[in-house]
Each structure stands twice: as structure tokens, then as C-alpha cells.
Amino acid sequence: MTALDRIAELQREAEAAIAGATDPKQLEGLRLHYLGRKSELPMLLRGVGSLDPSQRVAVGSAGNQTRKQLEAMISAREAELAGGEIGERLDISLPGSPPAPTGHLHLITETRRDIEDVFLGLGFSIAEGPEVEHVEYNFDALNTDLTHPSRARTDTFYIDDATVLRVHTSPVQVRAMIAQPPPLYVIAPGRVYRPDNDATHTPQFHQIEGLAVDDGVTLADLKGTLLAFARQIFGEDREVLLRPHYFPFTEPSVEVDVSCFNCASGYLRDGSLCPLCKGSGWLEVLGAGMVDPNVFAYVKDYGYDPESVTGFAFGMGIERIAMLRHGIPDLRLYFDNDLRFLRQFGAR
Ligand code: DAH
């Protein structure tokens, strides 16, 4: 084998070994093996002078070129391995680049949390209750007459005669009072169920209940609380309007409107009727009232003497709040799970 052939062979062999090296130590071994002072290639170069003069130039330049190429390859491989090593020492649980998509909150969750934040800021805490509820808590304890239409089999999902899928979050009022004497300031978010299914009703939806019981709580406290809520959720210029209504568990009862944030008194700038409030200037957002003494009477053994405590309560639909806030036209969008809809909200 000629010296030139041997150099070519050494280069092929060394290149394969360097490319296959998996750690810096192995690489250092290869450097010694192929380029170290006493290794074959440098020896060969040192012996060029004793070669036949016709071969000296060719062997000398080929040997030098190979040496340089192998040195460069080793440095490059070294850098590669060092990079990998740093990568392993760093936190490999860090997101890649670009970061993997992590998803985001559903609009209902986002809205629930926004509403919770308002009431947490006002000193309320969060209470929860079961979705499968006693008829007693869902209706009786809330002063609901035995003939009230909401008790009908067509209006409520019954599990058995004494058990329903709760039709509202109001039974959590009863549970919260049984669990804790006054003063009590709670909100209760959760799923509720009714046998309806059309553009404006789904069999399952979400509500947030509110209950405040203390000495000397008045309707003015209710109005002030709801005004603070309306301004944080719908904008700081909002007003609230209380209209007389009927609920079994409150007396007096009110329906609460928030001034429309889409128009001025029902009309848009161009003089047309506001499509959001339909020209009334007000948006109905929730039901509320002063807790009926009959509700306190049901839990009087737990510290709620109807003669001495007073309180207010309210209940709102989360879907409705989000629809008004974002101009969502159809309730079913919440549950279709079309990502083109969902991705517009809940960015985190
Ligand atoms: N539970 C009522 C409903 O589902 C909403 C409601 C109205 C809750 C008045 C209340 C209230 O606490 O005081 O329609």
C-alpha cells in the first residue's frame, strides 16, 4: 500500500470514528489515536523527508490536509457534544421552541372566574353543592309551594321522588347556612339542569348564586353589591335597575337589569334601534331579592332566627352573562366545541 493510500484509509477510518463518538472523552481518545504525537499520521508526515523525492510533495500535502480536516472535524464534533451536554444539564422539562400549545379556558370557565373574582373582592367566599340534589333543598327549603310549576316532571329531571338534578344553584344557599352560622357571604357557582332544548335553552347550563346574611342587611346593600358587579363585568359607566318580580325564596323579589353598554338609551349613533337591548336601554341579567323569612325558618336551628337576621340573595346564568358581554348569538355555540369559536376566548 502506498503512503497516499494509507493516508486516505486513515482519513476514512478516523472520520467514521469521530462522527460516531458520543462523549467528549471518547473524542479525546480519538484525537490521541489519530493525531497524537506518536500516532501514525504525524509519524508518516515526519518521515516525508526520507521518501523518494518524487513522492514527497504529494504525500506531504495530502497528509497535512488530512490532519487539518480531522482536527476541524474533532472540534466540530466536540462543540456538538458540548451543546448536547449543556442541554441535558438544563431543565429538559422547559417547553420546546416554539412552545407546545397548552390550550386555554372555555369561555364559560373564563366568565365564571371573572365573576368569582368580583365577589371574592367584595369579601364573599365560594361554596359548592352537589348537582344531584334533595328535592327538599332544591324546592321545600326554598319556600317553593307544592303546586309550583317548576316541580313538574316536565320541568325538572327527577332521579326519584326525593332526588333531582338541581334546577338552580339556590339549594347551595340552604347547604351553606346549615354549614355555617351568620355572618355569611357566599357565592355558589355550578351546573344546573332543566329539560329544555332549543336556541335559548340547553338541558345543562351554569349559574352563580349569591347569599349574604348579616345583621341589618338591606335591599340597598343588594343594589350596591350588584352595581359593583355590573360595573366590573360590563364597564364602569353601568347603572342597575331593580324591577319587582316573584321568586319563592325572596321577598321582595326583583329582576335586575344593567344599562346597555352597546348604545345610548336604546339607540345607536346612527339613530337605529340597538340590537343588543332591542331599544330598551337595559339588559336583564339576574334575579335577586331579600331572603324570605320562611327560608331562614327552615334553617333556624343553625343560627338563622328569622326574627333577627336579614339577608339578600341573587342568581345569574353564566351563559347569559357571557352572551351579553361578547355578543354571542346562540347558546349552542358553548357546547358545540367548534375550535373556531372556542379559540376566540379564554387566552391565557
Ligand atoms: N334560582 C333562580 C332561577 O334559577 C334565580 C334566583 C332568583 C336566585 C332570585 C336567587 C334569587 O338567589 O334571590 O331562576
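Note that ligands are numbered from 1 as they come in the structure, with each ligand's atoms numbered from 1 the same way. Numbers here simply count residues along the sequence, with the first being 1. Hydrogens, waters and symmetry mates play no part in the numbers below; they use all other heavy atoms, side chains included.
Heavy-atom contacts of Gln173 reach the following atoms of ligand 1: 12 (O) (cutoff under 4.0 Å). Atoms of ligand 1 found under 4.0 Å from any heavy atom of Gly315 (numbered from 1 in listed order, with element): 6 (C), 8 (C), 10 (C), 12 (O). Distances below 4.0 Å separate heavy atoms of Gly289 from the following atoms of ligand 1: 13 (O). The Ala313 neighbourhood of ligand 1 comprises atoms 12 (O), 13 (O), with distances under 4.0 Å to a heavy atom of that residue. Proximity to Gln207 (heavy-atom distance under 4.0 Å) selects the following atoms of ligand 1: 3 (C), 4 (O). Atom numbering of ligand 1 starts at 1 in the shown order; those under 4.0 Å from a heavy atom of Ser170 are 1 (N), 8 (C).
Cation-pi geometry between Arg191 and Phe205 is not met: the NZ or CZ atom fails to fall both under 6.0 Å from the ring centre and inside 45° of the normal.
Summary of contacts: the protein heavy atom closest to atom 12 (O) of ligand 1 is Glu209 OE2, 2.6 Å.
Salt-bridge check for Glu28 with Arg31: passed, with a basic side-chain N closer than 4.0 Å to an acidic carboxylate O. Salt-bridge annotation for Arg194 and Asp155: absent, with no side-chain N of the basic residue lying under 4.0 Å from a carboxylate O of the acidic one. A salt bridge links Arg325 with Asp114: the closest approach of a Lys/Arg side-chain nitrogen to an acidic carboxylate oxygen falls below 4.0 angstrom. Under 4.0 Å is where a charged nitrogen must lie from a carboxylate oxygen, and between Arg6 and Glu40 at least one such pair does. The pair Arg175-Glu128 does not meet the salt-bridge criterion, since no charged nitrogen lies less than 4.0 angstrom from a carboxylate oxygen.
Counting heavy atoms from C-beta outward, Val258 and Glu284 have side chains that stay 4.5 Å or more apart.
With distances taken over non-hydrogen atoms, the option nearest atom 13 (O) of ligand 1 out of Asp292, Val291, Thr250 is Thr250. The closest heavy-atom contact to atom 11 (C) of ligand 1, among the options Phe249, Phe312, Phe247, comes from Phe249. One option in Arg166, Met316, Arg194 has a heavy atom closer to atom 14 (O) of ligand 1 than any other, and that option is Arg194.
Between Tyr185 and Phe312, the distance separating the two ring centers is not shorter than 6.0 angstrom.
Taking only nitrogen or oxygen atoms, main chain and side chain alike, Phe314 reaches within less than 3.5 Å of ligand 1. At under 3.5 Å, not a single nitrogen or oxygen of Gly210, backbone or side chain, sits near a nitrogen or oxygen of ligand 1.
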